[in-house]
Amino acid sequence: ESYAGVYVPTLSVKVWEKRNYTGMNLKGIAVGNALLSNANITNTLVTFSYAHGLFSQELYQDILRTCCSVETPFCNFDAGAEKSEVCKENLFAALALVTDLDLNIYDVTGPCEFGGNFTDGDLTREKVTRSLIMDALPEYFGGTIDYVPIVPCVSALGATIYLNNPDTREALHIPSFVDEWRICYQDYPYTKQYHNMHDQFLALLEGGVRALVYSGDVDGACNFMGGQYFVNELGYQSSTDYQPWKIGRQIAGYQQSFGDSLQFMTVRGAGHMVPQWKPRAALEMIERFLLNKYY
């Protein structure tokens, strides 16, 4: 999930390119609530957030009026911000509300977990997530993201304790010289090279590698609309309608096929990490992916 939207496709392309040397027969990839396109995430977040009641109709209409050539939710807000200072100010006002410190951006319908059971990695993750949300407006949001005293709404304390337990490290064959596990490292030297996974996905699909793009539909960090836009922009003709998929008689989410190799699915009521929020639906979805039988 999440930034796997970058490292899964890029790594998969390398695996596929070296298949004749490694013997690794890559069949498919699946990414959830993934950062597949920075621009899509920011652009769709505006409409996603308004639809979830995170800012007013008046502000939304101001954004459409000042950022779009036509008042439509299918708008390139990023491009509008480059042309209009008023658009940029309206966008910032909306996104500032979305990144409110007390809003759980990973599940905009869920509670924020307050308290002191957080790690340095949690704080770093929250800063990184919110900076990615504002990625399309870096010059406006400025460098303030590293200095905002953000309190995260989701704690990774349990995972941190478990993964740094000596028995766990031994079972995972982690050498003693390797640093402790954190959910995020703030000081790790990293340069962002890719802002869109379009070319990587096309290379994999054209090479016969299947792909599933799925999204929990209440995640605001990497919202489902951004994933849906990304899939549509790949240019594959849809082979089914956008329709519900079910577990028994219950609607688990919605899905659409683009031939046998490309699928888009949502999971109802799931946040940023689908298996954490909806484990039963996640298992069913992955089983369908492995079998390539979605209906």
Side-chain angles (χ1 to χ4, degrees), residues 1-5 8 27-37 40-41 44-54 73-74 98 103-113 129 133 152-156 158-159 201 205 210-234 236-295:
E1 284 85 9
S2 198
Y3 203 69
V8 166
K27 290 293 188 180
I29 63 171
V31 289
N33 292 88
L35 185 64
L36 298 168
S37 164
N40 280 351
I41 291 298
T44 56
L45 181 61
V46 176
T47 301
F48 173 89
S49 300
Y50 170 67
H52 283 82
L54 301 186
F74 305 103
V98 174
L103 176 69
N104 186 348
I105 195 65
Y106 305 110
D107 177 357
V108 297
T109 65
C112 184
E113 181 180 336
T129 300
I133 290 172
C153 288
V154 180
S155 173
F201 259 74
L205 291 167
R210 293 190 290 112
L212 166 63
V213 176
Y214 65 91
S215 293
D217 64 7
V218 295
D219 174 35
C222 294
N223 72 83
F224 78 94
M225 295 175 64
Q228 192 173 35
Y229 273 44
F230 175 83
V231 170
N232 286 327
E233 288 172 353
L234 291 174
Y236 280 71
Q237 183 68 37
S238 62
S239 54
T240 69
D241 293 331
Y242 187 79
Q243 57 191 295
W245 65 279
K246 298 181 179 181
I247 299 177
R249 295 184 60 184
Q250 296 295 327
I251 294 177
Y254 293 83
Q255 69 181 64
Q256 189 166 24
S257 298
F258 299 80
D260 292 332
S261 297
L262 179 60
Q263 307 286 335
F264 175 75
M265 300 181 75
T266 68
V267 180
R268 289 182 66 209
H272 191 54
M273 293 167 285
V274 169
Q276 179 179 342
W277 266 261
K278 297 288 182 179
R280 177 67 185 90
L283 177 61
E284 177 72 22
M285 177 182 64
I286 292 299
E287 286 178 344
R288 296 185 185 196
F289 166 64
L290 294 174
L291 296 172
N292 202 23
K293 293 182 179 179
Y294 292 89
Y295 302 94

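Just so it is clear, the structure is predicted and the values come from calculations on it, not from any experiment.
- Within the 4.5 Å cutoff, no side-chain heavy atoms of D241 are placed close to those of Q256.
- For the pair N33 (side chain) and C222 (backbone), a donor-acceptor distance under 3.5 Å is present.
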Go through the steps to decide whether H52 and T109 satisfy the test side chain to side chain donor-acceptor pair (under 3.5 Å), and finish with yes or no. CA-CA 8 Å; H52 283 82; T109 65; over 6 Å; no
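- Remark: the backbone N or O of L205 is not paired with any side-chain donor or acceptor of S261 at under 3.5 angstrom.
- With sequence neighbours excluded, no residue satisfies side chain to side chain donor-acceptor pair (under 3.5 Å) with Q228.
- The heavy-atom pair separating F224 from G216 by the smallest distance is CB-O, 4.3 Å.
- Annotation: side chain of L291 is not in contact with side chain of R288 (no heavy-atom distance under 4.5 Å).
- Of all heavy-atom pairs between V267 and W245, the closest is CG2-CZ2, 4.1 Å.
- Once rounded to the nearest 0.5 Å, the distance linking CZ of F264 with OG of S257 reads 12.0 Å.
- Residues V274 and A282 come closest through the heavy atom pair CG1-CB, 3.8 Å.
- In this structure W277 satisfies the side chain to side chain donor-acceptor pair (under 3.5 Å) test together with D107, sequence neighbours excluded.
- Once rounded to the nearest 0.5 Å, the distance linking CG of N223 with CG of L45 reads 6.0 Å.
- Inter-residue side-chain proximity for L35 and I41 is flagged as met; some heavy-atom pair is nearer than 4.5 Å.
- Between the side chains of D217 and T266, not a single donor N or O lies within less than 3.5 Å of an accepting N or O.
- Taking all atoms of both residues into account, the shortest heavy-atom contact from A252 to A281 is CB-CB, 4.4 Å.
- Between atom NE2 of residue H272 and atom CD of residue E1 there is a gap of 7.5 Å, rounded to the nearest 0.5 Å.
- Looking at F258, Y294, Y214, F289 one by one, the single match for side chain to side chain contact (heavy atoms under 4.5 Å, CB included) with Q263 turns out to be Y294.
- Between R210 and L290, the shortest heavy-atom contact is NH2-O, 3.7 Å.
- The aromatic rings of Y254 and Y242 sit parallel to each other, their planes meeting at less than 30°, with 60° as the upper class boundary.
- With rounding to the nearest 0.5 angstrom, the OH atom of Y106 is 7.0 Å from the OG atom of S2.
- Within a 6.0 Å sphere centred on CD of Q250, other residues, nucleotides and ligands contribute 12 heavy atoms or fewer.
- F201 CZ to Y236 OH: the interatomic distance, rounded to the nearest 0.5 Å, is 11.0 Å.
- In terms of heavy atoms, R268 sits closest to G253 at CG-CA, 3.7 Å.
- Summarising the geometry, atom CG belonging to L262 is positioned 10.5 Å from atom OG belonging to S238; distances are rounded to the nearest 0.5 Å.
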